[in-house]
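Shown next, in structure tokens, is the structure this report addresses.
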Amino acid sequence: MRYYLITTHQRPKFYRANGSVVDVELSYVDKKEVRTPNANGELSIQTIEGRRGSDSLSIASGTWMISNMDDAIATLEKAAVYPFESKEAAKQYAKQLAITSFRYLRDCN
């Protein structure tokens, strides 16, 4: 798993490798289905719903409510935003730059 460092805003901004913050326009969805097989191979489907208001809900129940993961990653890369190799690496980076208010966003690719 890879992790992005993001701000604590409802619609998060992303931290770049140099410590700057950038607002990247991504396409979010209101509802997502997460499919997970259990130990017997039976598929479980969980529907996660966000709330839409004046601003898109980008994370709901720990799930990144992005419409297309590959497109989002490509858009972030164009904005010079890259995921850390681990949560610990992201944490150490934030500590080095004295970033005290942040969250982790897991890249499921």
Side-chain angles (χ1 to χ4, degrees):
M1 297 274 171
R2 301 178 311 170
Y3 292 85
Y4 292 98
L5 273 183
I6 60 173
T7 63
T8 58
H9 299 92
Q10 181 66 26
R11 180 174 160 228
K13 296 179 182 178
F14 293 81
Y15 285 96
R16 290 180 169 148
N18 65 6
S20 65
V21 176
V22 63
D23 187 7
V24 180
E25 191 67 36
L26 299 173
S27 181
Y28 296 101
V29 295
D30 294 329
K31 186 187 332 184
K32 248 188 165 175
E33 287 186 348
V34 178
R35 293 172 172 80
T36 311
N38 65 18
N40 297 323
E42 300 163 335
L43 196 59
S44 168
I45 300 173
Q46 177 186 13
T47 300
I48 299 168
E49 293 189 47
R51 293 164 293 171
R52 240 196 216 268
S54 58
D55 208 358
S56 298
L57 182 66
S58 57
I59 303 168
S61 302
T63 300
W64 194 11
M65 301 297 283
I66 202 74
S67 63
N68 182 297
M69 183 67 71
D70 292 332
D71 289 348
I73 291 169
T75 300
L76 289 169
E77 286 179 358
K78 287 178 188 172
V81 176
Y82 303 97
F84 291 86
E85 62 188 359
S86 67
K87 194 173 189 178
E88 185 59 32
K91 180 180 179 180
Q92 288 302 317
Y93 170 78
K95 188 176 180 180
Q96 286 175 357
L97 294 179
I99 300 171
T100 57
S101 183
F102 65 90
R103 292 185 299 170
Y104 303 101
L105 181 60
R106 187 178 66 213
D107 164 5
C108 297
N109 270 358

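Hydrogens, waters and symmetry mates are skipped; everything else that's a heavy atom, side chains included, is used. Here, residue 1 is the first one in the sequence, and each next residue gets the next number.
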Q | Flag side-chain contact, heavy atom, 4.5 Å: Phe14 against Leu5 | A | no

Q) Got a second to check how far Arg106's CZ is from Arg2's CZ, nearest 0.5 Å? A) 13.0 Å

Q. Under 30°, 30 to 60°, or over 60°: which ring-plane class applies to Tyr93 and Phe84, parallel, tilted or perpendicular?
A. tilted

Q: Establish whether Tyr82 and Val22 are linked, either directly or via other cluster members, by ILVMFWY side-chain heavy-atom contacts under 4.5 Å.
A: no

Q. What's the shortest heavy-atom distance between Lys32 and Met65, and which atoms?
A. N-CE, 3.9 Å

(Q) I need the Asp23 CG to Glu25 CD distance, nearest 0.5 Å. (A) 7.0 Å

Q.
Return the CG to OG1 distance between Asp70 and Thr75, rounded to the nearest 0.5 Å.
A. 10.5 Å

Q: Hey, could you give me the CD1/CG distance between Ile66 and Leu105, rounded to the nearest 0.5 Å?
A: 8.5 Å

Q) Phe102 and Tyr15: aromatic ring centres closer than 6.0 Å? A) no

Q | Pair Gln46-Thr36, side-chain contact (heavy atoms from CB on, under 4.5 Å): steps then yes or no | A | CA-CA 8 Å; Gln46 177 186 13; Thr36 311; over 6 Å; no

Q. Short question: side chain of Ser27, backbone of Ser67 - any donor-acceptor pair under 3.5 Å?
A. no

**Q.** Nearest heavy atoms of Thr8 and Arg103, plus distance in Å
**A.** CA-NE, 3.8 Å

Q: For Gln96 and Gln92, test the side chains for any donor-to-acceptor distance below 3.5 angstrom and give the result as yes or no.
A: no

Q: Looking only at non-hydrogen atoms, find the nearest pair between Lys87 and Tyr3 and report the distance.
A: N-CD1, 3.3 Å

**Q.** Donor-acceptor under 3.5 Å (Arg16 side chain, Ala79 main chain)
**A.** yes

Q. Has the side chain of Asn18 got a donor or acceptor atom that lies under 3.5 Å from a matching backbone atom of Ser20?
A. yes

Q) Under 3.5 Å, is there a donor-acceptor pair between the side chain of Thr7 and the main chain of Lys13? A) yes

